[in-house]
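A short worksheet on the structure shown next.
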Amino acid sequence: MTVRYQMPVAGEWRDAADGGTMPAINPFDQEVHGWIPVATETDVEDAISAARGAFASCWRKTGPGERARLLNRVADLIDADADRLALLETTDNGKVIRETHNQMGYAARIFRYYAAWADKLHGDVVPLDQKDTLDLTIRVPFGVVACVTAWNSPVAILTNTLPAALAAGNCVILKPSEHASATTLEIARICEAAGFPSGVVQVVTGGGDVGRWLISSARVDKVSFTGSPGVGRLIAQAAGANLKPVTMELGGKSPNIVFDDADFDRALIGALAGIFGATGQTCIAGSRLLVQRGIYERMVDALAKRAGRIRMGDPRLKATEMGTAANEPQFTKILSFIDAAKGDGARLVAGGRRADGPGLEQGFFIEPTIFADVRNDMKVAREEIFGPVLSIIPFDEEDEAIAIANDTPYGLASGVWSENIGRCMRMMRAIDSGVVWINTYRVAAPQAPFGGMKDSGFGRVRGEAGILEFTQTKTVFVDFSGDRRDPFSMKF
Ligand code: NAD
């Protein structure tokens, strides 16, 4: 069945003003499963006007208890609908059902987590030298927040921002990726069913132009972006022109570092999880595996054998371990990186081409691919591929591992595998990344802040840091002295 989607804009579910649509394509069989509106500039302006109106007329006056109640209701509705949402996510972007199903449970947990924050955004009473003056600080929302997101995990990404922004009292306009918009529209339906007032949660769908119109508007107060550093730079410039604050969640080229003294089998699983989980289409992919020389060949052999056994197939089946590239441009891009690595002389030890076994013919499948003996200056080690392509790099000493790990423009995530606690602590301090996993990889929690350094972005999602991103501090002076003061000198 092909679904004709509409966008929630200005209190109605509507088509694009000019009727424009784009297909939602299942990357497993290339079937069109839906039609998504391509918003016009008028639709975007209407959404911004409605958000401004909703903020002024009701949302900024809505108390934290009510905000929490609505967020908890969304969590309940996501839980009740998790099977359908997970299936839709998998159909839309090819991510395996075993992960999308987990992501829906996680989404509900984040909504509940931020519901509990709504009435805990305390200000302070600040001690002053002026004994007859009281200083209060309060945390206030920005107003209208634009969230522009990527295609790899649409629901998981939007739950990094939407519940926190709402709990803090903002109205939100979401702009999902043109490659996977369906579940974002479904979450907006759930927000409506939960009882959020009209204009508080809206979605405009379409491509980069729609995002650009949204974030360039002087009537948007705060921008949150999840995507590539290239587009991130454009967004930072556009938001800068209006002096709007931005949170940037960008890409990565994360080092996953295995020392000789690691638990070998756990590190092997961690390396697999790091690069072949989510078909490598994840910002936190551990795409550079640094392995100490003493276990290097053993690790290369073991990984190559295990990669060859990864079950690819219909991502809707629970048994499937690795799904497709999420869309055709990404599929083509990943294959071109594989060709470049071959050309640069990296040693191919697993995969290396399109996967075309039985049942895979129509899908954008790529074999789990491993290159050994990679140098950190090769293209395959420097640029984010966003696919199932691992570069293995040997090293001898701890300092060398740190130097290689940090020799990248990115700084999102990293992994360290060692049984030596002192070494783990030294590495944790020395690696320039927003997340360090020690003897694990790809772990996340609503309570734990997440975000990048360097070209991987700035600002944080999740945890307390994640909600503070959507607030600003107001300071309030109350003078109870009764003095008639000198009007021509500031009172310090
Ligand atoms: P992208 O940068 O191409 O697009 C992201 C979003 O920006 C899309 O919605 C797109 O339509 C929109 N866009 C494009 N041009 C725009 C413009 N000029 N103005 C405003 N919006 C514009 O990224 P992608 O290919 O969708 O996603 C992959 C990237 O996202 C990777 O780099 C990945 O690492 C990153 N990512 C980061 C995180 C994180 O939390 N750090 C999470 C997921 C994905």
Side-chain angles (χ1 to χ4, degrees), residues 22 36 38-39 41 44 92-93 95 103 110 146-161 173-181 183-184 203-217 220 223-242 244 246-254 275 277-287 325-334 337 383-387 408-413 433-435 442 444 448-462 466 469:
M22 58 189 179
I36 308 284
V38 178
E41 202 163 356
V44 172
D92 213 19
N93 77 352
K95 181 167 276 201
Q103 286 181 329
I110 296 201
C147 296
V148 178
T149 56
W151 45 258
N152 56 315
S153 289
V155 170
I157 294 171
L158 80 79
T159 52
N160 279 337
T161 54
I173 305 173
L174 298 161
K175 206 305 274 177
S177 166
E178 56 273 42
H179 297 297
S181 310
T183 48
T184 301
V203 184
V204 285
T205 46
D209 280 347
V210 178
R212 187 167 48 77
W213 294 325
L214 181 62
I215 58 98
S216 309
S217 169
V220 165
V223 174
S224 163
F225 175 67
T226 306
S228 61
V231 174
R233 283 191 168 81
L234 296 175
I235 291 194
Q237 282 164 13
N242 288 322
K244 299 303 175 209
V246 200
T247 303
M248 287 278 166
E249 296 293 335
L250 308 177
K253 193 74 197 175
S254 299
I275 191 63
T279 318
Q281 297 170 120
T282 162
C283 53
I284 52 179
S287 50
N327 51 68
E328 192 164 12
Q330 188 58 24
F331 174 70
T332 309
K333 182 179 148 196
I334 297 167
F337 269 104
E383 294 182 32
E384 184 183 39
I385 300 173
F386 221 53
T408 171
Y410 293 102
L412 189 57
S433 67
V435 185
R442 276 191 106 219
F450 173 82
M453 297 176 177
K454 301 179 354 190
D455 281 8
S456 293
F458 44 83
R460 293 293 176 264
V461 294
R462 303 184 207 139
E469 289 281 329

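First listed ligand is number 1; within each ligand, the first listed atom is number 1.
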Note to self: Going by side chain to side chain donor-acceptor pair (under 3.5 Å), name the residues that satisfy it together with T183, two or more places apart in sequence or in a different chain.
What the structure shows: E89
Can you tell me which residue and heavy atom of the protein come closest to [atom], and the distance to 0.1 Å?
atom	value
atom 25 (O) of ligand 1	W151 NE1, 3.0 Å
atom 35 (C) of ligand 1	G227 O, 3.2 Å
atom 31 (C) of ligand 1	E384 OE1, 3.3 Å
atom 41 (N) of ligand 1	L250 O, 2.8 Å
atom 36 (N) of ligand 1	C283 CB, 3.7 Å

As an exercise, identify every atom of ligand 1 less than 4.0 angstrom from a heavy atom of [X].
X	result
G207	11 (O)
E249	37 (C), 38 (C), 39 (C), 40 (O), 41 (N)
I235	19 (N), 20 (C), 21 (N)
K175	8 (C), 9 (O), 10 (C), 11 (O)
F450	40 (O)
V148	6 (C), 7 (O), 9 (O), 12 (C), 21 (N)

So for [X], does at least one of its heavy atoms come nearer than 4.0 angstrom to any atom of ligand 1?
X	answer
P176	yes
G452	no
S177	yes

Notebook entry, point to check: With a 4.0 Å heavy-atom cut-off (strictly under), which part of D209 contacts ligand 1: side chain, backbone, both or neither?
Noted result: neither
Taking distance alone, with N or O pairs closer than 3.5 Å, would you say [X] contacts ligand 1?
X	result
S456	no
S228	yes
N152	no

Next item on the list: Heavy atoms only: give me the nearest P176-T205 pair and the separation to one decimal.
Entry: CG-CG2, 3.9 Å
Donor-acceptor pairs are to be reported for all side-chain atoms of residues 448-458 against protein atoms at under 3.5 Å, with residues two or more places apart or in another chain.
{"unit_1": "K454", "atom_1": "NZ", "unit_2": "N406", "atom_2": "O", "d": "3.1"}
{"unit_1": "K454", "atom_1": "NZ", "unit_2": "T408", "atom_2": "O", "d": "2.9"}
{"unit_1": "K454", "atom_1": "NZ", "unit_2": "Y410", "atom_2": "O", "d": "3.4"}
{"unit_1": "D455", "atom_1": "OD1", "unit_2": "R233", "atom_2": "NH2", "d": "3.4"}
{"unit_1": "D455", "atom_1": "OD2", "unit_2": "R233", "atom_2": "NH2", "d": "3.3"}
{"unit_1": "S456", "atom_1": "OG", "unit_2": "G251", "atom_2": "O", "d": "2.6"}
{"unit_1": "S456", "atom_1": "OG", "unit_2": "G411", "atom_2": "N", "d": "2.9"}
{"unit_1": "S456", "atom_1": "OG", "unit_2": "L412", "atom_2": "N", "d": "3.2"}

Check: Can you tell if the side chain of E469 reaches within under 4.5 Å of the side chain of S224, non-hydrogen atoms only?
Finding: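 No, side chains not in contact.
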Item checked: Side-chain (T159) to main-chain (A156) donor-acceptor, under 3.5 angstrom -> yes
Check: Do side-chain atoms of T332 reach the backbone of E328 as a donor and acceptor pair under 3.5 angstrom?
Finding: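 It does hold such a pair.
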Checklist line | Separation of I157 CD1 from F225 CZ (nearest 0.5 Å) | finding: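 F225 atom CZ to I157 atom CD1 measures 10.0 Å (nearest 0.5 Å).
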Notebook entry, point to check: Does some non-hydrogen atom of the protein lie less than 4.0 angstrom from atom 23 (O) of ligand 1?
Noted result: yes
